[in-house]
Amino acid sequence: MNHSALFLQLLPEAVIVLTALVMLGAAVATGKKPGGEFSAGVGVSIATFGILFAAAAMCFVPQDGATSTPLLVNDALARIFKAVVLGLGLLAVWLPPARREMRNLGEYYALVLFALTGLLLAAGSNHLLFLFVALELASLSLYLLAGFPRTPRAAEASLKYFLFGGVSAAFMLFGISLLYGASHSATLSGISHALEASQPSLLAMTGLAMLLAGLGFKLAAVPFHYWVPDVYQGAPATTVAMVSAASKAVGLVVLVRILQIGFPNVAGSAAWGEMTAGWSLWLAVLAAVSMIFGNLLALAQTSVRRLLAYSAVANTGYLLVALSANGPKAAAAALFYVVVYGLATLGAVAVTAAVERDRGDDRITSFAGLIHRSPFQAVCLLVFLTSLAGIPPLAGFVGKFSLFSHALAEGGGMGLAWLVGLAALLSAVSLYYYLSVLKQAFVKSAEDVDVSTPLPISHRLCITLPAAALVVLGMFPLLLIGPLAKALATMVP
Amino acid sequence: MTPAWTLISAFAAALIVLLLPARAAMASRVVALVASIIGAVAAGSACLAKLANPDAAPWSFDREWIPNLGSRFHLAADGLSLTLLFLTGITAIAGVLFSWNIEKRPRAFFAFFMTIIGGVYGVFLSRDAFLLFVFYEIVILPKYMLIAIWGSTNKEYGAMKLTMYSIGASSLILIGLVAAYAAAGATSFDIAHLAAATYPPAMQAWAFPVLFLGFAVLAGIWPFHTWAPTGHVAAPTAASMLLAGVVMKLGAFGALCVAMPLFPQGFEQYKALIAGLAVVGIIYGALTALSQKDLKFIIGYSSVSHMGFILLGLAAANHWGLRGAVLQMISHGIIAGLLFGIAGRVVYERTHTRDLTELGRFDLWKSLPGAALAFTLATAASMGLPGFSGFVAEISVIIGLWQVYPWLTIAVAAGIILTGVFSLRALYRAFFPEREAGAAPPPKLPPLTWPEISAMGLLLAVSIAIGIYPKPWVQLIDDGLRSPLFQSILSLP
Amino acid sequence: MLLPYFIFVPLIGAILLAISRGISAKDAGRFASVCSIVSLMLAGYGWDAIREWSLPWMPDANIALRFEMDGLSFLFVLLVALVTLVAISASILKGKGDRAYFALILVLQSALFGVFTARHFIPWFLCWEMTLIPAWLLIRLWGGSGAPKAALRFFIMTLGGSAFMLVGFLALQLSAGTMDFDALGKLASQGAIADALAKSFAFTGMTGHTLLTLVALAVFLGLAVKIPIVPFHAWLPSAYAEAPTPVTMLLTGLLSKMGVYAMLRIFLPVFPEVLPALAPLLTWLAVATVLLGAVAALAQTDLKRMIAYSSVNHLGYCVLAIAAVAASTSDRSAMSSAISGVVLQAFNHGIIASALFSGIAILETRSRGQRGLNDFGGLRAQTPVFCGLFGIAVFASLGMPGLSGFIGEFLIFNGAFAITPAAAAISVIGLLLTAVFLLRMMRKVFWGPLKPSLAKWQDLTRDEKMLFGFLVLLIAIPGIFPQVLLHFANPAIVELLDLLRPIP
């Protein structure tokens with residue numbers, strides 16, 4: 001492969017990095033003027049153009065597999081998810097980051113773009129070390145983004161995020177090195193070959209377990225979830241959107257790649273009665289615990305952000321249910337669901353941000369009378385939360401349904417019925433807390449008469465587009481799930 | 001008009017109502033009424049066409065939808081569906097008429113109302129289990145909203161309880177459907193395909209109760225009926241009518257057309273238990289109704305009692321039993337709608353009480369003779385007197401039951417007598433009270449309005465029409481029961 | 001094509017009345033009487049035109065809405081039309097009632113037409129129950145101060161009886177597979193019903209005979225409440241007394257006849273297999289009804305209650321005759337006599353009771369609601385026409401030869417003495433007591449010195465004279481020419497007798 005081809009392949013990422021640099025430059029330039037303050041409008045515009053350019057640049061990336069290396073793959077899955085990450089990133093950028101004025105917005109947006117770069121790179125790699133580096137690029141940026149407003153809450157969020165993130169990175173790196181030791185390769189296909197040749201050693205399995213622990217942190221699975229509620233509550237809205245949507249989607253893509261390409265033959269089984277050790281079983285356990293903890297703890301929340309945080313934990317559980325079935329269709333369903341989930345959560349965060357603007361906080365009771373204050377926000381919130389709860393005709397329903405059905409179909413006879421059953425029942429429980437928010441928004445009326453301040457157009461888009469996407473994907477899920485299924489079918493050898 | 005117009009008119013009306021200018025109360029009513037009439041006429045004309053030409057191929061609509069899931073957009077209308085569609089249309093018209101004076105957020109009210117109607121139509125038309133489930137779940141949220149926003153008496157509790165029962169039951173259905181899908185080769189959700197597959201007995205033994213219970217909860221099977229009375233009481237009149245009239249029928253329909261055909265052997269194991277629970281429900285519902293003071297609670301418990309007949313017919317699982325079950329679905333739909341309409345709308349709106357003793361003060365037979373007459377007839381219908389639809393249904397169920405469980409027939413006779421007792425008690429104390437000599441003269445009440453009269457007249461006319469001449473209905477239902485779907489049940493020993 | 005349609009004429013009239021706002025009570029009453037007359041004419045016309053009509057209801061359960069008119073039915077249909085007409089006229093004269101009242105009477109009439117022509121349990125029971133609601137409302141809403149309790153008791157007891165009857169017929173449907181009266185009669189004459197019951201109810205471990213006895217008792221209970229037979233008469237005195245007098249006419253003249261008719265049409269043909277076993281019970285209940293009715297009437301001081309109890313007594317004779325038929329094994333001529341007596345007694349009692357209650361209604365209207373035995377006196381001089389016409393009705397009631405009451409009772413006792421002489425002999429006491437209390441009433445009300453408070457009373461008005469004259473005519477003609485009625489009923493009676501004892 002020649003270097004121009006390599007460059008072409010990295011074109012979108014390059015565009016984003018370039019935009020970040022432009023952003024920093026602009027920030028420095030305005031900051032030097034006396035009394036100059038980098039305005040949010042400029043930052044959002046630059047970032048928007050950059051992301052759109054990057055999206056356009058994706059069209060120039062050569063599509064044939066010849067340019068793929070383990071380091072940089074450009075298979076269908078990578079392309080879809082790079083587009084998804086760009087889309088979700090764009091929406092996140094459009095969100096006003098914080099409740100109060102925040103300083104140094106130029107740096108803030110530059111960090112968002114760096115995080116996006118990391119995520120883009122991670123979505124298209126089959127090499128463990130490269131993955132690690134890409135994920136750390138994203139994570140480091142996100143740690144900073146979480147603490148950007150410098151409020152005590154944000155500081156706590158950032159610190160927790162960083163501490164847990166650091167430990168998980170250490171786990172991951174250690175795991176990777178163990179795997180390398182066991183298989184003499186850091187590429188996924190290499191590991192797969194090595195594991196096929198011999199019985200999986202304790203070394204390799206330990207490595208895999210540690211790697212999964214690290215990814216579990218990114219995905220917010222119990223017991224690696226302690227950072228989640230604080231980050232969701234304390235971090236700026238844009239950061240939360242990045243963490244909940246783009247970062248989670250990429251985390252799942254990475255997990256799918258690692259497991260489906262690298263470790264297909266140490267899956268073990270999570271089927272009832274015939275459980276054997278392997279990642280399938282581990283994921284099943286993680287899934288069960290995440291769903292139970294996430295859903296039950298969400299019931300007790302009074303803050304919508306924390307509620308969304310626990311819902312994130314619970315939803316990770318559903319995703320892991322599908323992965324533990326160890327089948328391409330289930331994996332495709334999980335990938336579909338993570339996109340849908342990301343859209344819904346991002347939208348919900350956006351509405352929460354709007355409510356915070358009006359009412360000053362994100363307590364559930366602050367949503368009271370939203371339908372009178374702003375029918376637009378209320379109806380979109382309805383779309384987001386019911387999609388999360390899995391109610392048709394929204395995409396969340398199709399997502400959950402196909403996730404469960406493929407998990408059961410591919411999970412070894414009816415063996416996964418216990419897990420799917422648990423997931424379905426807990427998913428029913430989740431409606432309770434989503435409804436408690438909707439109840440405030442639709443049924444209750446606010447004590448004091450109040451009106452909503454009009455939202456900026458970008459914020460409105462940030463609410464409208466995900467809602468529209470959820471409706472469209474709910475009615476025509478084939479638009480997304482079709483390409484995903486094809487991508488998975490071609491990726492897994 | 002093809003039966004598709006039922007679906008189209010309902011959902012289109014929901015959308016149109018939302019697009020109307022704010023507070024366009026009259027316009028929303030008219031749109032809802034017109035859509036309901038279109039639906040009823042479409043269903044009715046399809047019924048007539050079917051009767052005129054019984055051998056014509058049933059209307060159907062079949063398009064590719066989500067091939068990954070094996071789900072097609074497959075609607076079809078045999079005689080069974082058509083009768084239920086017609087019932088829904090009639091209930092919808094009556095519901096709109098009984099809600100004519102809704103002034104609080106009328107647009108939203110009728111939008112939710114028509115969404116429920118559309119969902120119900122969809123369930124009755126679906127021939128694809130996934131599609132059926134989609135429509136089944138669409139109903140849940142509007143139900144919650146109708147009750148929580150427009151309800152009375154403990155409305156938020158009632159709404160939440162009902163919703164949690166519904167969604168919990170739905171998750172059971174989901175598990176059951178997904179299990180059937182996975183076991184049948186994970187290729188199609190077509191009900192006929194799923195029913196034609198053979199499932200191992202061990203799986204049927206657990207999958208049937210799960211799936212059946214999921215449907216039966218919505219049909220108010222004892223002891224999972226408790227949502228029904230509280231929900232009915234809390235709901236606004238139109239919602240009570242819909243809930244008791246058609247939404248509970250969804251559960252029965254699902255049990256009949258999905259749960260039982262899919263797992264006939266599982267059904268065989270449990271049918272005695274189902275019959276037992278149904279009888280307990282009949283008697284328990286009647287006894288509880290006997291001790292209630294609130295008119296709506298009495299009707300709510302009477303619904304539990306009447307739904308017992310449906311389950312009983314299903315449990316009998318012979319031709320008479322199934323026919324009786326469907327007849328009872330229709331009959332109870334009409335009668336419950338009528339009772340709730342009178343108690344909740346006609347009487348409550350004028351007296352603002354539903355307490356039997358309180359109502360006694362009003363001497364309703366004098367102050368509202370039309371309502372008293374209609375309630376008397378409705379009571380007679382509810383008691384199962386000949387000449388009304390209830391009798392036709394009950395006698396069919398009894399004939400069917402007799403061939404399977406003769407002893408239970410005796411218990412059922414006791415239930416019928418109890419039904420008579422509590423119905424008469426309610427009628428007598430609410431409408432024909434014995435007043436002390438010299439008691440204060442009853443307050444003057446506003447006379448009946450035309451929407452009320454026409455709604456009551458419509459429902460009574462249908463009930464009497466079925467009661468006097470059930471043959472065409474029986475023909476339509478028999479046409480549905482000839483479907484290959486039911487042969488596995490009907491051929492059970 | 002008139003058979004089912006004349007049934008609906010009053011019903012349609014009722015609906016028209018219900019929806020026509022703003023017509024006066026009197027016009028409503030006139031309209032109702034026109035409906036009544038029209039339906040009578042249609043029924044009379046249809047008597048020869050078409051005799052059977054049937055609509056399949058649930059063919060695979062042998063259920064059809066089957067109506068048939070034979071002579072027996074026709075007599076009762078005639079009675080319904082006449083008594084309804086009289087009741088409506090009496091209401092108009094009394095100034096009683098409004099639109100709803102007349103509408104309900106018309107509904108009642110429709111239902112009664114149905115009861116007397118239906119030949120399948122389903123339509124029959126439908127109409128049977130359909131009589132209940134208007135009757136209940138008529139008592140409840142237009143009755144006296146005790147009406148709510150009386151109406152409730154009437155309603156509950158009748159409905160309770162019907163429930164048993166329904167259960168009984170359900171058992172027949174489930175075992176014999178049909179509820180058609182004629183089909184059941186045919187099966188019964190072959191002795192097949194008991195076998196079918198035994199087979200179907202094998203799980204109870206009872207014999208077919210026991211089961212059939214239970215079913216027959218259940219059906220009997222439903223009918224007994226309606227007639228009423230002692231001890232199921234508890235609803236009667238208060239209901240008759242509290243109901244407005246025209247409604248009481250309907251109750252005693254028509255509703256009680258439903259029970260008698262059903263005894264002939266259903267009970268005897270469907271249960272011949274167990275009739276011998278039930279006959280003693282029936283007989284002694286009949287005797288009790290006769291005696292208790294008479295004794296209770298004797299003890300009354302309220303005229304309306306007195307006539308009410310006398311109705312119990314008179315219907316007791318019908319039951320006595322039916323019991324005799326049940327007990328008989330072979331005496332065809334006695335049975336024939338008894339059944340003819342039942343038919344005549346039922347018809348004539350309907351007319352006579354209407355006349356008596358019309359008289360009481362007139363007394364009530366003039367005295368502003370008084371109807372005690374001692375509230376009147378010496379009216380003979382003041383209102384001679386009234387006294388004369390009322391006297392004819394009273395003498396008809398106590399069975400004076402030449403008036404209609406005699407021939408029915410004569411035939412009944414003729415039959416009963418041949419079959420159950422002891423019971424018949426005891427029942428004769430009833431006849432004597434009837435004469436005692438009726439004559440006492442005549443004496444107290446019409447003879448003796450005129451009470452000063454009655455001095456201003458007018459004799460009958462033209463309308464009242466017409467009504468009463470019409471009734472007296474109806475009393476006199478069958479008394480002189482009983483063949484007029486028997487001519488209609490005879491073929492049906494012969495048919496019934498054939499069904500009853502086909503196997504020697």
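Here is how names work: the chains are called A, B, and so on, in the same order as the sequence lines, proteins then strands, and each is numbered from 1.
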Would you mind checking which part of [X] comes under 4.5 Å of any heavy atom in chain B, side chain (CB onward), backbone (N, CA, C, O), both or neither?
X      : answer
A:T386 : side chain
A:I371 : side chain
A:V429 : backbone
A:P393 : both
A:K444 : side chain
A:L382 : side chain

Toward chain A, the part of [X] with a non-hydrogen atom under 4.5 Å:
X      : value
B:W206 : side chain
B:Y136 : neither
B:E156 : side chain
B:F73  : neither

Does atom CH2 of A:W272 have more than 12 heavy-atom neighbours, drawn from other residues, nucleotides or ligands, at distances under 6.0 Å?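 Check fails, neighbour count at 12 or below.
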Any salt bridge linking B:R72 with B:D128? Criterion: basic side-chain nitrogen under 4.0 Å from a carboxylate oxygen.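 No, B:R72 and B:D128 are not salt-bridged.
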Going through the checks in order, is the ring pair (Phe, Tyr, Trp, His ring centres under 6.0 Å) test met by B:F263 and B:Y199? CA-CA 7 Å; B:F263 303 118; B:Y199 305 97; 5.1 Å; yes
Measure the acute angle between the ring planes of B:F130 and B:W65, then classify it against the limits of 30° and 60° as parallel, tilted or perpendicular.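 Aromatic pair B:F130/B:W65 classed tilted.
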Once the angle between the rings of A:F397 and B:F133 is folded into 0 to 90°, is it parallel (under 30°), tilted (30 to 60°) or perpendicular (over 60°)?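 Ring orientation of A:F397 relative to B:F133: tilted.
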is_close_aromatic(B:Y270, B:F212), centroid dist under 6.0 Å: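 No.
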Between A:H406, A:K329, A:K400, the one whose heavy-atom pairs under 4.5 Å with chain B are most numerous: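 Among A:H406, A:K329, A:K400, the one with the most close pairs to chain B is A:H406.
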Shorter than 4.5 Å, heavy atoms on both sides: which option in B:I149, B:L177, B:V210 has the most such pairs with chain A?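 Option with the greatest count: B:I149.
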Is the NZ or CZ atom of B:R63 positioned over B:F61's six-membered ring, under 6.0 angstrom from the centre and within 45° of the axis?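 Judged by the rule, B:R63 and B:F61 form a cation-pi pair.
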Dump the intermediate steps for ring pair (Phe, Tyr, Trp, His ring centres under 6.0 Å) on B:F224 and B:Y165, then the final yes or no. CA-CA 8 Å; B:F224 302 100; B:Y165 264 93; 7.3 Å; no
